[in-house]
Amino acid sequence: CVCACVFLLSATPLTLLKLITSPPTVRIVHSGHACNVEEERHTERVYTIREGETLELTCLVTGHPRPQIRWTKTAGSVSDRFQDSSVFNETLHISKIQRHQGGRYYCKAENGLGSPAIKSIRVDVYYLDDPLVTVHQSVGEAKEQFYYERTVFLRCVANSNPPVRYSWHRGRDVLSQGSDKGVEIYEPFFTQGETKILKLKNLRPQDYANYSCIASVRNVCGISDRNIVFKLTNKTASPSIKLLVEDPIVVNPGQTVSLVCITTGGEPNPTLSWVSSSDSLPEKSVVKGGTLTLPAITSDEAGVYSCVASNNVGNPAKKSTTIVVRALKKGRFWITPDPYHNDDNIQIGREVKISCQVEATPPEELIFGWLKNGRAMRSSERMVITQTDPDISPGTTNLDIIDLKFTDFGTYTCVAALKGGGIPEISIDVNISSTTVPPNLTVPRGKSPLVVREGDTVELECLVSGKPKPIILWSRADKEAPMPDGSLQAESYDGVLRIVNVSREMTGSYRCQTSQFNGFNVKPREAVVELIVQYPPSVEPVLLEMRQGLGRPVVMNCRVLRAHPSRVLRYEWRLGNRLLHAGHFDQSDETEYTVKSLNREGWGEYTCDVNNEAGAGRCTFLVTGKAYPPEFYYDTYSPLWQNRPTVYGFKLQWTQMNPNAVDRIVAYRLGIRQHSVFIIPVDGTITKGELNTHNLTELIKPAAYEVRLTPITRFGEGDSTIRIITYTGFFTNLPYLLQNTHFHCSFEEEPICMFTQDKNDDFDWTRHSAATRDTKYTPNTGPSDDRSGSKQGFYMYIETSRPRKEGEVARLVSPFFNVVPKNPYGIANPPAYCFSFFFHMYGKHIGTLNAFLRQKGQTAAEGPAWSLSGNQGDRWKQAKVSIHPTASFQVVLEGIRGPGIEGDIAIDDVTLEEGECRDLPPISKHKNTEGGAEPRSVLKSVRIWG
């Protein structure tokens with residue numbers, strides 16, 4: 001917390017000391033919920049944590065300039081490759097850590113001096129899953145009744161870290177190797193440590209019993225043992241099932257399909273589940289018992305569906321069926337001229353073949369019909385209708401016209417349908433006439449080469465003639481590269497390829513080619529279109545800040561990386577809107593501009609525009625005299641140079657980054673947040689590596705301060721640097737003076753604003769950040785963040801988990817506050833103060849939160865100044881109460897444990913201000929003695945302790 005206070009800062013010149021910059025060093029410290037931290041081979045530490053707990057590692061560094069810190073993780077000791085995800089922060093925080101997050105974590109610190117400093121710690125995540133027992137019989141002895149065999153194997157497996165230890169029980173008796181001649185317990189060699197098998201030899205009546213497998217990791221990290229029970233009887237058998245459906249199932253799209261699977265055997269009773277060949281069931285599918293329902297099925301949901309039954313005895317039973325959804329699609333045709341003549345044209349007296357192809361599901365239901373001018377046709381000697389072998393060309397029918405006559409000209413229609421019906425037919429019309437001629441491709445005049453600018457929309461065009469007009473296929477002709485849409489080939493029905501937002505990478509040759517479909521089955525015709533994409537020059541640097549002192553030269557260089565067209569490039573140098581220099585590039589690809597002696601008018605933004613036909617590229621140079629930021633020194637030995645009971649002083653030290661790059665630094669502007677600003681003059685010239693020291697005085701304990709330091713030159717203020725000053729020493733519990741000021745505490749810093757734990761209570765309040773909820777014991781109590789909503793913010797709370805008991809009390813006592821009378825002869829009218837705080841009371845076992853006034857020198861005891869009981873919901877609320885002390889006083893916050901573990905009470909942002917409370921929240925006017933009951937007023941109730 002930062003208290004309002006008054007302190008003095010002497011504006012004396014800096015103390016300068018010589019300092020050698022130092023490379024980084026690093027070490028890792030831990031907090032969070034570690035089970036154990038130990039050394040490993042003297043070089044690496046092992047951090048053991050239970051799955052679901054909070055991992056928190058902090059990287060402590062030294063070195064100057066202040067090193068940059070980066071956390072990375074590898075999968076294990078055999079890998080040196082960092083993961084993509086890194087954390088640039090001193091503290092690595094992982095809430096509810098999972099097993100896959102274990103591994104080696106590295107903290108890397110670097111400041112440009114020497115090699116980076118790297119330390120690592122291996123995080124070992126401990127867990128234990130519930131064990132699983134599977135039962136098998138010896139192979140080769142299987143008969144109908146599974147357990148009429150002599151030998152039975154019970155196998156126990158549990159996932160864990162560290163390795164699990166297994167033990168077997170029959171009923172209440174512990175089974176061990178050698179304890180029973182009919183029992184053998186062993187671990188298979190190929191799965192050493194992963195499982196333990198119980199072998200029952202020469203099965204006897206007493207072997208039919210309840211068998212328990214207990215998995216244990218020896219209570220490491222507080223992980224308790226897990227166990228599972230399997231009942232072995234003479235009826236125990238592996239599962240068997242039956243599907244009450246046909247295979248395959250052929251349906252129309254939109255139908256609802258139900259697959260029914262029933263068990264026909266198995267003890268214990270098997271569990272049924274459904275899987276599909278596409279790995280996951282459709283989103284809209286419904287599984288109820290052994291029935292899988294697929295409403296309004298689509299073609300995408302066709303495939304193999306399997307019912308699987310498992311009871312951990314023997315192998316799971318599996319039955320499958322295939323769902324076929326009827327479909328017709330992609331109807332197309334082609335015309336083949338007489339293959340016995342070297343002519344692509346259709347001629348009277350010669351043969352011509354019309355082929356029609358359709359994709360059908362299922363293919364065996366596909367049927368074709370032919371029409372001429374709308375009338376049905378039958379196969380004859382001159383009009384031969386055939387269907388191509390499915391292995392050669394599936395779903396294809398042919399109409400061969402022998403000895404073409406003039407009367408054969410007309411429209412031929414191929415009609416495709418499915419025998420099962422329910423699917424619309426596909427009709428394909430083909431016109432045969434004297435105008436039916438093979439295709440030809442040409443590129444229109446002026447359409448190749450085609451010159452466009454980057455970002456435009458362009459249309460590449462090929463003119464196709466002939467009848468019927470075929471589909472045109474576009475592809476890259478100059479290289480194996482995809483088309484703009486990502487495919488290797490693009491289809492066009494009008495011969496036009498349209499490219500939106502064309503880029504420079506699309507420059508090249510494009511081929512247009514006729515397809516055999518919807519046209520003649522002849523050698524493809526093709527043509528090529530050249531595309532040239534012009535783009536403005538790419539230059540570097542795009543933006544460069546140049547810092548320089550007055551009277552010094554400044555050299556700026558702008559270089560062309562690429563451009564099209566690359567000739568006739570012109571450049572213009574400007575300062576603001578003022579033209580400085582212009583010209584053309586010759587053989588060089590760069591241009592340079594020099595300011596021989598920088599003056600005040602020379603500061604500003606310089607631009608170099610490089611132009612071609614497509615546009616301009618720009619280099620920008622920001623010429624400034626701004627000083628670089630100072631670099632705080634964090635390794636100061638004993639920075640607390642003044643340590644009085646209620647105030648402290650801090651030795652602030654820093655070096656200046658690149659002090660000679662600009663004009664001499666004449667002063668520093670020192671600002672402290674919410675306080676005054678001070679100017680620190682500088683005598684002489686600061687050089688690189690000099691340590692600057694300034695003493696901050698009269699800082700109030702235990703307040704933290706944000707300090708901003710800004711260098712000043714003739715140019716003006718430079719770049720600032722910010723750091724937080726915190727008090728880390730011990731301070732005494734002396735009275736606060738509350739006249740004309742106020743007290744505020746948000747518990748962000750230790751030691752909690754001079755609050756203390758009462759020595760006569762039963763347990764203590766706890767300072768905490770993030771959730772107080774314990775994942776095992778208290779899932780429904782306590783806040784998940786502090787009053788401001790921050791997961792990193794701190795608050796105080798009472799932990800009501802075991803061994804706490806109902807009625808036990810925890811008290812938090814404020815420091816003493818002095819009441820200074822305005823009348824020198826005493827206090828005739830006691831002053832009023834407003835005491836307020838935020839509280840969080842969530843959980844079904846919430847007890848009571850009380851606020852008391854404790855005055856010095858008085859022994860009378862009365863009730864609390866404020867009180868509330870019971871569950872108030874999962875949110876922070878504010879309480880306010882006016883108090884009227886007549887002497888130095890303290891405020892006491894008392895938490896009383898309720899009837900159970902879900903009773904954590906938290907407080908935050910405690911404030912004491914002069915004057916009566918205003919804008920009282922509703923909760924401040926009440927006292928509630930029972931959860932859920934109507935609160936009762938206790939505003940006038942005060943309890944005073946001596």
Test side chain to side chain contact (heavy atoms under 4.5 Å, CB included) applied to Thr911 and Glu913, step by step: CA-CA 7 Å; Thr911 303; Glu913 297 180 291; 3.6 Å; yes
Aromatic plane relationship, Tyr606 with Tyr593 - under 30° parallel, 30 to 60° tilted, over 60° perpendicular: tilted
Working for side chain to side chain contact (heavy atoms under 4.5 Å, CB included), residues Leu622 and Met546: CA-CA 6 Å; Leu622 184 61; Met546 304 183 72; over 6 Å; no
Residues forming a salt bridge (charged side-chain N to carboxylate O under 4.0 Å, His left out) with Glu605, sequence neighbours excluded: none
All side-chain hydrogen bond (donor to acceptor under 3.5 Å, both in side chains) counterparts of Glu545, not counting sequence neighbours: Arg547
Any donor-acceptor pair under 3.5 Å from Glu631 side chain to Pro629 backbone: no
Which atom of Pro24 lies closest to which atom of Asn111, heavy atoms considered: CD-OD1, 3.1 Å
More than 12 heavy atoms of other groups within 6.0 Å of Gln534 CD: yes
Distance, nearest 0.5 Å, that separates OH of Tyr628 from CD of Gln656: 11.0 Å
Short side-chain to backbone donor-acceptor contact, Trp654 and Leu691, under 3.5 Å: no
Residues Val910, Phe755; criterion side chain to side chain contact (heavy atoms under 4.5 Å, CB included); working and verdict: CA-CA 11 Å; Val910 178; Phe755 274 86; 4.1 Å; yes
Validation row: Thr72, Tyr105 side chains within 4.5 angstrom (heavy atoms): no
Pairs satisfying salt bridge (charged side-chain N to carboxylate O under 4.0 Å, His left out), at least one member in residues 703-716, at least two apart: Asp663-Arg714, Arg673-Glu706
Where at least one partner belongs to residues 561-626, residue pairs that pass disulfide (SG to SG under 2.5 Å), sequence neighbours excluded: Cys558-Cys619
Side-chain (Ser720) to main-chain (Thr710) donor-acceptor, under 3.5 angstrom: no
Steps toward side chain to side chain contact (heavy atoms under 4.5 Å, CB included) verdict (Arg104, Tyr106): CA-CA 7 Å; Arg104 182 169 285 109; Tyr106 292 84; 3.1 Å; yes
Ring centroid separation Tyr668 to His694 under 6.0 Å: no
Straight-line distance of Ile725 CD1 to Lys651 NZ, nearest 0.5 Å: 13.0 Å
Which residues share a salt bridge (charged side-chain N to carboxylate O under 4.0 Å, His left out) with Arg669, sequence neighbours left out: Glu717
Note, Val707 side chain near Leu670 side chain (heavy atom, < 4.5 Å): yes
Listed partners of Arg504 passing salt bridge (charged side-chain N to carboxylate O under 4.0 Å, His left out), at least two apart: Glu454
Under the salt bridge (charged side-chain N to carboxylate O under 4.0 Å, His left out) test, residues paired with Glu572 that sit two or more places apart: Arg570, Arg574
Cation-pi check, Arg767 onto Phe747 ring (under 6.0 Å, within 45° of axis): no
Candidates Lys688, Glu690, His64 - the one meeting side-chain hydrogen bond (donor to acceptor under 3.5 Å, both in side chains) with Thr655: His64
Check: Trp71 and Thr91 side chains under 4.5 Å, non-hydrogen atoms: no
Spacing of CG belonging to Asp635 relative to OG1 belonging to Thr25, to within rounding of 0.5 Å: 7.0 Å
pair Tyr47-Leu55: side-chain heavy atoms closer than 4.5 Å: yes
Pairs satisfying salt bridge (charged side-chain N to carboxylate O under 4.0 Å, His left out), at least one member in residues 588-599, at least two apart: none
Partner residues of Phe632 under the ring-ring contact (aromatic ring centres under 6.0 Å, His included) criterion, sequence neighbours left out: none
Which atom of Arg27 lies closest to which atom of Val29, heavy atoms considered: NH1-CG1, 3.5 Å
Any side-chain heavy-atom pair of Thr636 and Tyr634 under 4.5 Å: no
Pair listing, salt bridge (charged side-chain N to carboxylate O under 4.0 Å, His left out) test, anchored in residues 617-630, at least two apart: Asp609-Arg618, Lys626-Asp719
Donor on one side chain, acceptor on other, His93 and Ser95, under 3.5 Å: yes
Flag if over 12 foreign heavy atoms under 6.0 Å of CD, Gln68: no
Sequence-distant partners of His584, ring-ring contact (aromatic ring centres under 6.0 Å, His included), two or more places apart: none
From Leu57 atom CG to Glu90 atom CD, the distance as rounded to the nearest 0.5 Å: 13.0 Å
Value rounded to 0.5 Å, distance of CZ in Phe743 from CG in Leu912: 8.0 Å
Gap separating the SG atom of Cys59 from the CZ atom of Arg70, nearest 0.5 angstrom: 13.0 Å
Phe837-Trp876 aromatic ring centre distance below 6.0 Å: no
Side chain proximity check, Arg562 to Pro537, heavy atoms < 4.5 angstrom: no
Minimum-distance pair of heavy atoms, taken over all atoms of Leu699 and Leu696: CD1-CB, 4.1 Å
Thr693 and Gln653 side chains, donor-acceptor separation under 3.5 Å: yes
Sub-4.5 Å side-chain heavy-atom contact between Leu598 and Val623: yes
ring-ring contact (aromatic ring centres under 6.0 Å, His included) against Trp603, all qualifying residues, sequence neighbours excluded: Phe715
Flag, side chain of Asn658 to backbone of Ala661, donor-acceptor distance under 3.5 Å: no
Heavy-atom pair with the smallest gap, counting every atom of Leu550 and Arg600: CD2-N, 3.8 Å
Flag if over 12 foreign heavy atoms under 6.0 Å of CZ, Arg664: yes
Side chain Asn612, main chain Gly615, donor-acceptor under 3.5 Å: yes
Flag side-chain contact, heavy atom, 4.5 Å: Val662 against Gln548: no
Side-chain (Asp908) to main-chain (Tyr795) donor-acceptor, under 3.5 angstrom: no
Side-chain (Asn692) to main-chain (Val682) donor-acceptor, under 3.5 angstrom: no
